[in-house]
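Lettering of chains follows the sequences in order, A, B, ..., and the numbering in each one begins at 1. These numbers come from the heavy atoms of this one structure, side chains and all, not from hydrogens, waters or symmetry mates.
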Amino acid sequence: MPQKIITANRLIDGEVVWLGPDGDWVEAVAAAAIFDAAALEVGMEGARRGVAAGLVVDPLAIDVVLRGGAPVPSRLRERIRAFGPTVHPDYGKQADGKGTHP
Amino acid sequence: MNIQAPYTPAPHAGVYRYDEFDREFVRQRTEEFRSQVQRRLSGELTEEEFKPIRLMNGLYLQLHAYMLRVAIPYGLLNSDQLRRLARIARVYDKDYGHFTTRQNIQFNWPTLADTPDILAELADVDMHAIQTSGNCIRNVTTDQYAGAAADEVLDPRVYAEILRQWSTLHPEFTYLPRKFKIAITGAPNDRAAVKVHDIGLLAKRAPDGRIGFEVYVGGGLGRTPYIGIKTRDWLEERDFLAYIEAVLRVYNELGRRDNIYKARIKILVNEMKPKAFIAMVEEEFARVPRDTYGLDPAIVEAIRQHFAPPPLADLPARSDRFETDYAEDRAFACWVDGNTAAHRANGYRIVNISLKPIGGIPGDASSAQMELVAELADRYSFGEIRVAHEQNLVLAHVRLDDLHALWQALVPAGLATPNIGLVSDIIACPGLDYCALANARSIPVAQRLSERFADLDRQFDIGRLQVNISGCINACGHHHVGHIGILGVDKKGEEFYQITLGGKAEEDAAIGSILGPGFSSEALIDAIETLIETYLKLRRDRTESFIQVVERLGNAPFKEALYAAA
Ligand code: HEM
Ligand code: SF4
């Protein structure tokens with residue numbers, strides 16, 4: 001199974017976030033915790049707690065590949081979420097120093 | 001707290017003036033939503049409970065953030081409203097907004113916490129985001145040239161407004177089986193794509209001068225595209241509301257009774273067969289109480305007063321000043337030919353403001369551009385702006401004498417690309433750059449295509465050509481009715497694009513047919529260019545447009561040009 005990370009949108013502002021190693025929600029994909037098959041369910045448990053606590057909505061496990069040790073989402077959809085609209089380099093994560101399209 | 005004077009719109013903008021009832025309703029809805037957001041943020045409401053509420057207020061969750069869709073009833077704005085949209089973009093968003101094919105505007109980056117304030121700012125100028133989402137009767141769309149067009153039989157805004165009032169006040173129509181879209185045009189030349197709406201109304205005048213409508217039902221795009229069937233060749237003006245009520249009742253009733261009809265009306269009409277559907281509507285129509293739904297001419301007249309024509313001056317048909325500028329300034333002349341249309345009054349033109357700069361994002365406008373257009377509307381067009389479903393803006397009443405000055409003000413703002421109706425005037429949905437449902441990107445395709453055809457002389461030579469792009473089968477970019485339609489699909493994780501040919505949105509509407517296997521993102525623009533080069537070789541002369549050649553010769557020569565080499 002490919003490695004996974006867990007993503008969601010933050011409730012209050014819609015910001016794209018990922019579950020971090022400390023169970024917190026991080027704003028840069030590079031800081032996301034990476035799960036293998038065995039650990040994923042534990043991660044999703046944590047994500048559901050985030051939903052119950054009203055921190056995030058719509059949690060989802062997504063495939064990543066590792067580049068220089070950092071996770072990069074496999075699907076274009078998730079890369080666009082992780083880095084921003086491809087047509088607006090000045091908006092989204094790519095504009096806030098939180099990652100760039102590979 | 002800031003106390004503000006009650007809002008009074010520019011006196012002649014052709015926008016419906018709200019009465020106190022409308023204002024109170026919108027204010028209440030805004031305050032109700034504010035408390036619902038607070039309850040959501042405090043954890044009192046779960047997402048399951050809250051999601052339908054936020055959607056009812058036009059707030060979606062997209063790929064990057066929330067997205068707020070603001071209603072622009074029948075695409076009409078006054079300058080204060082446009083300035084307010086610019087302010088909202090600047091203060092709460094990223095300094096731009098996106099005008100849509102449904103004549104609305106979308107903000108792509110608002111926060112949930114700010115949304116009640118945004119709605120309150122909108123309410124100050126009689127705007128809201130109600131009926132922009134969910135299974136209700138959506139914002140009624142109409143001709144962007146309403147009240148100005150030379151070919152107009154009646155002012156469709158009057159009837160669109162009647163429908164707005166009727167649908168907002170009709171509780172049972174807030175929970176329809178599916179969403180419901182109505183479009184209306186007051187001219188025989190359909191600029192509102194009425195035949196691809198759930199109900200489409202086309203005004204006409206009988207030989208004896210009476211006014212009535214042709215009615216089409218069951219049109220729509222999406223997964224199963226249909227051209228509406230004509231259910232009435234003639235509908236009297238006074239029966240307008242009663243008949244639409246009857247259509248909605250039939251739809252609502254069948255939708256409730258049986259689950260398989262929990263679908264768009266187009267599915268119902270086609271499964272029942274048009275004849276049976278029409279008969280049922282007529283039966284229901286006979287039952288609809290006329291005292292409630294008959295259109296009282298006095299009420300129609302009162303609403304017409306709301307759209308009273310602006311005080312147009314009595315001008316000669318010719319303007320020497322205009323003729324001189326037109327003769328001496330070629331770039332201006334191109335713009336006049338490309339972007340302006342005949343007004344019914346002497347000495348005036350309708351001006352289209354292109355939101356399709358070469359390489360730009362179709363339908364996007366910055367706050368500064370919105371403010372400039374608002375100011376120009378005040379100066380040259382009675383403070384009134386329209387949004388066209390092609391994602392452009394319109395100033396409807398500009399004096400010939402003022403055209404050159406208006407053009408000079410638009411050029412430096414990137415708002416004067418003379419490409420209306422040409423290959424670079426592309427309709428594109430947000431696609432995978434924003435939309436959570438997308439399979440593929442739409443905007444970069446539009447950008448690359450318009451760059452490929454950047455040369456305006458080449459565009460003029462190609463002539464009228466509508467290219468429409470959707471990022472998935474929901475068809476927000478109207479690809480089915482593009483002369484060339486492009487649909488983004490996902491092929492094993494890669495963006496892929498299907499091409500359709502022969503679609504049309506006008507009074508002779510048609511659904512395009514798929515040409516053959518799709519193209520990768522890299523190959524797509526070359527493929528479109530091949531289609532256009534093929535047209536140029538096949539046309540009899542410059543007066544034969546792309547779509548006319550497709551209709552004369554069918555898809556075969558285009559298919560051959562595209563696939564023979566492969
Ligand atoms: C980005 C967020 C958007 C989402 C999530 C969205 C979603 C949808 C969905 C699910 C449908 C199909 C529903 C059905 O067939 O019953 C649809 C239809 C449609 N959308 Fe959107 N849309 C979005 C943006 C837009 C924009 C920006 C426009 C205008 C440019 C637009 C215009 C339309 C139109 C015209 C249809 C009707 C097609 C028909 O007649 O069936 N949408 N949308
Ligand atoms: S057509 Fe699909 S991709 Fe485009 S905006 Fe609509 S739902 Fe999104």
Of the backbone (N, CA, C, O) and the side chain (C-beta and beyond), which part of B/Leu61 lies under 4.5 Å from a heavy atom of chain A, both, or neither?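 When you check distances to chain A, only side chain atoms of B/Leu61 fall under 4.5 Å.
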
Minimum heavy-atom distance between [X] and [Y], given as atom pair plus value:
X	Y	answer
B/Pro444	A/Thr86	CG-OG1, 4.0 Å
A/Gly14	B/Tyr66	N-CE1, 3.2 Å
B/Leu63	A/Asn9	O-ND2, 3.8 Å

[X] atom [atom1]: more than 12 heavy-atom contacts under 6.0 Å:
X	atom1	result
A/Arg75	CZ	no
B/Glu494	CD	no
A/Lys98	NZ	yes

Mind checking whether [X] and [Y] have side chains closer than 4.5 Å, heavy atoms only?
X	Y	answer
A/Leu11	B/Glu47	yes
A/Ile80	B/Arg441	yes
A/Ile12	B/Thr111	no

Checking A/Val57 against chain B: side chain, backbone, both or neither under 4.5 Å from a heavy atom?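 Interface part for A/Val57: side chain.
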
Name the region of A/Asp58, side chain, backbone, both or neither, that has any atom closer than 4.5 Å to a heavy atom of chain B.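 When you check distances to chain B, only side chain atoms of A/Asp58 fall under 4.5 Å.
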
Of all of B/Leu41, B/Asp433, B/Asp114, which one pairs up most often with chain A through heavy atoms under 4.5 Å apart?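 So the answer, after comparing B/Leu41, B/Asp433, B/Asp114, is B/Asp433.
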
How many angstroms lie between atom CG of B/Asp93 and atom OH of A/Tyr91, to the nearest 0.5 angstrom?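 If we round to the nearest 0.5 Å, B/Asp93:CG and A/Tyr91:OH are 8.5 Å apart.
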
Test ring-ring contact (aromatic ring centres under 6.0 Å, His included) applied to A/His88 and B/Tyr96, step by step: CA-CA 11 Å; A/His88 262 311; B/Tyr96 72 102; 4.9 Å; yes

So, A/Arg77 side chain and B/Asn439 main chain: donor-acceptor pair closer than 3.5 Å or not?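 The answer is no, because no donor-acceptor pair under 3.5 Å joins these two groups.
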
If only atom types and distance count, is the side chain of B/Tyr434 paired as donor or acceptor with the main-chain N or O of A/Pro85 below 3.5 Å?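 No: the side chain of B/Tyr434 does not pair with the backbone of A/Pro85.
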
Which one, A/Leu76, A/Val51, A/Val87, A/Val16, leads in non-hydrogen pairs under 4.5 Å with chain B?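 Top option by heavy-atom pairs under 4.5 Å: A/Val87.
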
